[in-house]
Amino acid sequence: MTVLKTSMRNFFAHKGRMALSAVAVLLSVAFVCGTLVFTDTMSTTFDKLFAATASDVTVSAKNASDGGETTSDNGKPPVIPASVLADVRDVDGVKSAEGALHSTSLTVVDGDKESLSPTSGGPTIVGNWTANDARTMEITSGAAPEGPEQIMVDADTADKHGLKLGDEIGVISVVGTHTAKISGIADWAVTNPGAAIFFLDTKTAQQALIGETGVFTNVNATAADGVSDAQLKKNVVAALGGDYKVLTAKESTEAGQKDVEGFMGVLKYAMLGFAGIAFLVGIFLIINTFSMLVAQRTREIGLMRAIGSSRKQVNRSVLIEALLLGVVGSVLGVGAGVGLAVGLMKLMGMAGMELSTDDLTVAWTTPAIGLLLGVVVTVLAAYLPARRAGKISPMAALRDAGAPADARAGWIRGGIGTFLTAVGAFALYLTSAADKAAEGSMWLGLGVVLSLVGFVLIGPLLAGGVVRVLGVVVLRVFGPVGRMAERNALRNPRRTGATGAALMIGLALVACLSVVGSSMVASATDELDKTVGTDFIIQNDAGQLITPQAVTAVKDTPQVERVTEYKWTEADFTTPDGKTLKNTAITAADPTYATDLRVETVEGQLADAYRPDSMSVHEKFAEDHGISLGSKIDVAFKDGSTAGLTVRAITSSDAVVDAGAMYTSIDTMAKYVPADKMPLDMLLFVSAKDGRQDAAYTALKDSLHDYPQYTVRDQTDYKEALKDQIGQLLNMIYGLLALAIVVAILGVVNTLALSVVERTREIGLMRAIGLSRRQLRRMIRLESVVIALFGALLGLGLGMGWGATAQQLLALEGLKVLEIPWPTIIGVFIGSAFVGLFAALVPAFRAGRMNVLNAIATE
């Protein structure tokens with residue numbers, strides 16, 4: 001009980017000094033809990049949506065996906081004949097049944113040809129209005145569509161785009177463009193996470209989406225009273241046979257959940273990974289805090305030992321303080337995490353994905369995990385300072401505050417750190433020497449971890465040399481004040497090393513990712529220059545296929561010399577070694593593709609692959625299956641018949657553009673795939689007439705005015721788009737890493753604040769002999785700057801080493817250009833100096849306000 005009382009008294013006596021450590025714990029726990037609440041809420045939203053929209057039993061085409069995917073390679077959804085509806089209605093146990101039709105392979109535009117698709121990446125769905133839809137949506141304005149001139153829209157989409165009754169909108173599908181006026185607006189009874197939904201009447205939907213009546217994408221059956229979904233499914237299967245896919249409501253819901261599960265998992269664990277980095281940085285802050293508090297209380301602890309406190313009691317006292325810190329920070333962090341989740345939901349709403357706070361999900365495991373993590377991490381971080389406190393002898397009561405450094409422990413730490421750094425460097429060397437990316441990635445991971453831990457351990461040894469160099473470059477110009485700042489930073493190398501290490505971790509990751517991102521952009525740009533021989537590339541950025549009408553519009557553009565179509569599908573390959581490879585990708589293009597894309601071949605000529613009944617394979621595929629020029633592969637096209645294709649070319653497997661592609665001609669594919677099953681184009685490669693590139697660029701955009709879903713890019717545009725995509729990804733990662741950097745800044749603030757308290761008497765003496773308040777504040781700011789620059793120098797150097805090594809793995813995949821983004825690196829380094837200045841503002845202000853006489857009298 002005495003130990004507990006002492007710990008409580010010390011904790012509350014130093015609550016101001018503990019505050020920043022508590023904030024670090026709070027932020028880290030908040031990020032973990034916020035991530036869990038946010039992803040759980042998203043799962044709840046989707047679960048409710050899938051459960052509400054699923055019929056008791058759904059019948060669809062055999063080749064339709066379980067998750068309700070409504071598109072295919074030819075731009076039309078898989079359909080079933082309308083006669084199935086009558087058959088289902090006659091099944092025993094069916095209360096009612098209706099035919100439904102919907103598609104996502106389309107674009108909807110307003111009267112100004114502006115796309116009405118969600119900006120969040122959610123689907124655009126057009127279908128017929130059914131009783132099943134009426135269960136989950138309520139018409140709040142107007143009426144359901146009747147006839148070809150009417151269409152209904154969901155309320156969320158209407159609000160986002162300012163749509164109202166009577167507005168004309170167009171549905172662009174593979175069949176053509178269908179225009180209609182808004183007859184009604186329907187609101188969801190459950191949360192719509194971001195899809196844009198449009199409804200036509202049944203006959204109009206069939207004509208606009210499929211081009212024929214008498215078909216549905218699925219039949220929705222409702223079970224009679226007393227009949228279970230499982231029994232109804234059994235009855236439907238018995239009546240229809242095995243020609244259709246039949247799912248219960250539970251199976252449909254589970255399939256929908258599985259579709260979003262992958263995305264949710266990646267999002268959840270990526271965010272938790274960044275929370276882990278923040279926790280790691282927070283450990284340094286907590287270690288520093290308790291180390292400095294123990295040092296400042298050396299005489300106090302020595303007196304406790306002199307009057308009978310055992311080592312275990314002193315140790316336990318410090319750990320109890322850490323426990324209290326962890327509990328307070330974690331409890332506040334759990335609450336802040338819920339607030340963070342709500343903020344993320346609002347942010348997603350601004351991006352187009354609607355998540356209602358009514359679905360906010362806080363599982364009991366979330367606060368439990370947050371509390372456990374926060375408390376355990378804090379106590380573990382405080383263990384070493386607590387152990388050091390337990391070693392303080394009673395004789396320390398006779399000395400001034402401040403325990404002498406353990407030189408032997410420092411050398412042991414330095415030796416271990418040097419060893420780990422050397423092993424990490426060797427692992428990075430093995431990474432660069434690897435022949436396969438999978439093998440090299442394991443060495444890379446090991447090298448990153450070991451070199452990071454090694455640098456953390458040798459930080460105090462590096463602090464002396466690096467800070468002296470930085471002092472010469474940065475501090476000496478400030479005269480005696482700069483030299484005092486340098487000596488203060490050097491006074492306790494362990495503290496400086498730990499504070500700098502916290503900042504080092506975040507900046508090392510920033511530097512590594514910057515090098516990797518820049519190298520990817522530079523490599524892809526270089527490869528585009530070498531391989532792409534066309535003027536323009538036309539595609540849909542969301543992966544939507546190009547309709548025949550758009551292809552015709554492009555081909556009819558006067559300034560265009562040639563258009564190369566590019567299609568993709570799957571087929572079952574039977575190779576010469578007797579193996580059958582299911583669902584293997586095969587690309588079909590016009591023969592001019594061999595000119596538009598200069599693909600490196602190791603045997604034969606790519607142009608020969610476009611001869612009748614011919615194809616190409618890539619080198620690795622050929623080696624794995626014993627294929628050479630002249631070998632025959634049986635290719636069973638999806639939705640078509642089997643072709644015996646002769647291998648006329650073997651391409652390099654090191655390509656970046658179209659890596660791993662296997663080519664045949666569109667004419668060859670058309671020979672074995674019915675015209676109505678032929679896949680639509682994924683891309684169009686367009687070459688302008690000589691000297692007419694600028695005119696063709698403008699003309700192509702004019703030709704595709706009615707098809708806003710497609711983008712025309714020349715090579716410069718394509719490179720910029722690639723750079724923007726990677727840049728957006730990096731910016732998102734930098735934003736998540738910012739949490740770790742914020743925690744590191746708190747560490748610098750805390751170190752300086754505690755250092756000021758530790759040096760109270762010294763500061764008073766300096767003020768007494770003539771040091772002005774302004775000079776004192778400058779000294780503390782400069783000390784902070786040099787510590788921040790020390791951490792930045794180590795972090796950026798380490799990160800660039802990681803990034804350069806990672807680029808060696810990318811080179812194995814064809815991305816061979818290493819580019820160091822010096823503007824970013826230099827900008828981050830300079831920014832670190834401003835971080836140091838910012839971190840020192842409050843400690844410097846407090847130091848400047850000290851009463852000189854009181855400071856001198858401080859024990």
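Just so it is clear, the structure is predicted and the values come from calculations on it, not from any experiment. For the numbers below, each heavy atom of this structure counts, side chains included, while hydrogens, waters and symmetry mates do not.
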Stepwise, does the side-chain contact (heavy atoms from CB on, under 4.5 Å) test hold for T107 with Y707?
CA-CA 8 Å; T107 299; Y707 306 94; over 6 Å; no
Evaluation steps, side-chain hydrogen bond (donor to acceptor under 3.5 Å, both in side chains), between D577 and T575
CA-CA 5 Å; D577 58 1; T575 53; 2.3 Å; yes
Salt bridge (Lys or Arg N to Asp or Glu O under 4.0 Å) between K76 and D676: does it pass, once the steps are laid out?
CA-CA 9 Å; K76 297 180 181 179; D676 63 335; over 6 Å; no
When you look at M682 and Q539, which way does the side-chain contact (heavy atoms from CB on, under 4.5 Å) test go after all the steps?
CA-CA 7 Å; M682 292 182 66; Q539 65 182 136; over 6 Å; no
Intermediate values then yes/no, side-chain contact (heavy atoms from CB on, under 4.5 Å), K719 and D529
CA-CA 10 Å; K719 292 171 187 175; D529 290 335; 2.4 Å; yes
List the steps, then state whether side-chain hydrogen bond (donor to acceptor under 3.5 Å, both in side chains) holds for S616 with T651.
CA-CA 7 Å; S616 74; T651 60; 5.1 Å; no
Checking L444 against L428 for the side-chain contact (heavy atoms from CB on, under 4.5 Å) test, could you report, in this order, the C-alpha distance in whole Å, the side-chain angles of both residues, the deciding distance, and whether it holds?
CA-CA 6 Å; L444 177 63; L428 294 176; 3.9 Å; yes
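The number of heavy-atom neighbours closer than 6.0 Å to CZ of R713, taken from other residues, nucleotides and ligands shown, is above 12. Atom CD of Q693 has more than 12 neighbouring heavy atoms from other residues, nucleotides or ligands inside a 6.0 Å radius. Counting heavy-atom neighbours within 6.0 Å of K638 NZ, excluding the residue itself, gives a total above 12. Shown here is D541, whose CG atom has more than 12 heavy atoms of other residues, nucleotides or ligands within 6.0 Å. For CZ of F426, the number of neighbouring non-hydrogen atoms (other residues, nucleotides, ligands) closer than 6.0 Å is 12 at most.
Distance alone, capped at 3.5 Å, is enough to place a donor-acceptor pair between the S173 side chain and the A208 backbone. At least one donor-acceptor pair closer than 3.5 Å links the side chain of Q549 to the backbone N or O of V175. One N or O on the side chain of Q715 and one on the backbone of V532 form a donor-acceptor pair closer than 3.5 Å. One N or O on the side chain of S653 and one on the backbone of E619 form a donor-acceptor pair closer than 3.5 Å. A donor-acceptor pair is defined here as one N or O able to donate and one able to accept, closer than 3.5 Å; such a pair exists between the side chain of S519 and the backbone of E819. Although no hydrogens or angles enter the test, the distance criterion places a donor-acceptor pair under 3.5 Å between the side chain of T664 and the main chain of S614. Looking only at distances, no side-chain donor or acceptor of K632 sits under 3.5 Å from a matching main-chain atom of G644. At least one donor-acceptor pair closer than 3.5 Å links the side chain of D572 to the backbone N or O of N583. A donor-acceptor contact shorter than 3.5 Å is absent between the side chain of Y710 and the backbone of H705. Proximity of a side-chain donor or acceptor of R648 to a complementary backbone N or O of G604 within less than 3.5 Å is not detected.
The structure places CG of L450 at 10.0 Å from CH2 of W443, a figure rounded to the nearest 0.5 Å. Residue Y663 holds its OH atom at 6.0 Å from OG1 of T587, rounded to the nearest 0.5 Å. Atoms CZ and OG, on F216 and S83 in that order, are 10.0 Å from each other to the nearest 0.5 Å. Atom CG of L684 is separated from atom OH of Y566 by 12.0 Å, given to the nearest 0.5 angstrom. Taking OG1 of T805 as the reference point, atom OH of Y429 lies at 12.0 Å (rounded to 0.5 Å). In this structure, CZ in R598 is found 11.5 Å from NZ in K530, a value given to the nearest 0.5 Å.
When the options T534, T564, D658 are evaluated for a side-chain hydrogen bond (donor to acceptor under 3.5 Å, both in side chains) with Y593, the one that passes is D658. Of the residues I586, V617, T574, L581, the one that meets the side chain to side chain contact (heavy atoms under 4.5 Å, CB included) test with I633 is V617. For the pairing with R562, the side-chain hydrogen bond (donor to acceptor under 3.5 Å, both in side chains) check across T592, D596, D590, D535 returns one residue only, D596. Applying the side chain to side chain contact (heavy atoms under 4.5 Å, CB included) test between D681 and each of V554, V551, I538 identifies V551 as the sole match.
Between D717 and Y697 the shortest side-chain heavy-atom distance falls below 4.5 Å. Here the side chains of V515 and L818 are in contact, with some heavy-atom distance below 4.5 Å. Between V516 and M520 there is a side-chain heavy-atom pair separated by less than 4.5 Å. Side-chain contact between F637 and K677 is absent, with no heavy atoms from C-beta onward closer than 4.5 Å. A 4.5 Å side-chain heavy-atom check between S523 and L810 finds every atom pair outside the cut-off.
Of all heavy-atom pairs between S103 and S105, the closest is OG-N, 3.3 Å. Annotation for P548 and V174: closest pair CD-CG2, 3.8 Å, computed over non-hydrogen atoms. Considering all non-hydrogen atoms of both residues, V817 and A522 come closest at CG1-CB, 3.8 Å. The heavy-atom pair separating F536 from L700 by the smallest distance is CD1-CD1, 3.6 Å. Looking at every heavy atom in both residues, L809 comes nearest to G440 through CD2-CA, 3.6 Å. Residues N218 and S60 share a closest heavy-atom pair of CB-CB, 4.1 Å.
Qualifying side-chain contact (heavy atoms from CB on, under 4.5 Å) partners for L240, counting only residues two or more places apart in sequence or in other chains: V59, V84, D87, V88, V236, Y244. Here K62 pairs with nothing under the salt bridge (Lys or Arg N to Asp or Glu O under 4.0 Å) rule; sequence neighbours left out. Residues passing the salt bridge (Lys or Arg N to Asp or Glu O under 4.0 Å) test with K258: none are found, sequence neighbours excluded. The side-chain contact (heavy atoms from CB on, under 4.5 Å) search around S628 returns S631, not counting sequence neighbours. Checked against side-chain contact (heavy atoms from CB on, under 4.5 Å), T824 has the following partners two or more places apart in sequence or in another chain: S514, P821, V828. Applying the side-chain contact (heavy atoms from CB on, under 4.5 Å) rule to L513 yields the partners L730, I733, Y734, L737; only residues at least two apart in sequence or on another chain are considered.
A salt bridge links D624 to K620: one of the charged nitrogens lies within less than 4.0 Å of a carboxylate oxygen. Ion pairing of E251 with K245 is absent here, as no side-chain N (NZ or NE/NH1/NH2) approaches a carboxylate O to less than 4.0 Å. Salt-bridge formation is not detected for the pair K816/D526: no Lys NZ or Arg NE/NH1/NH2 atom is positioned less than 4.0 Å from an Asp or Glu carboxylate oxygen.
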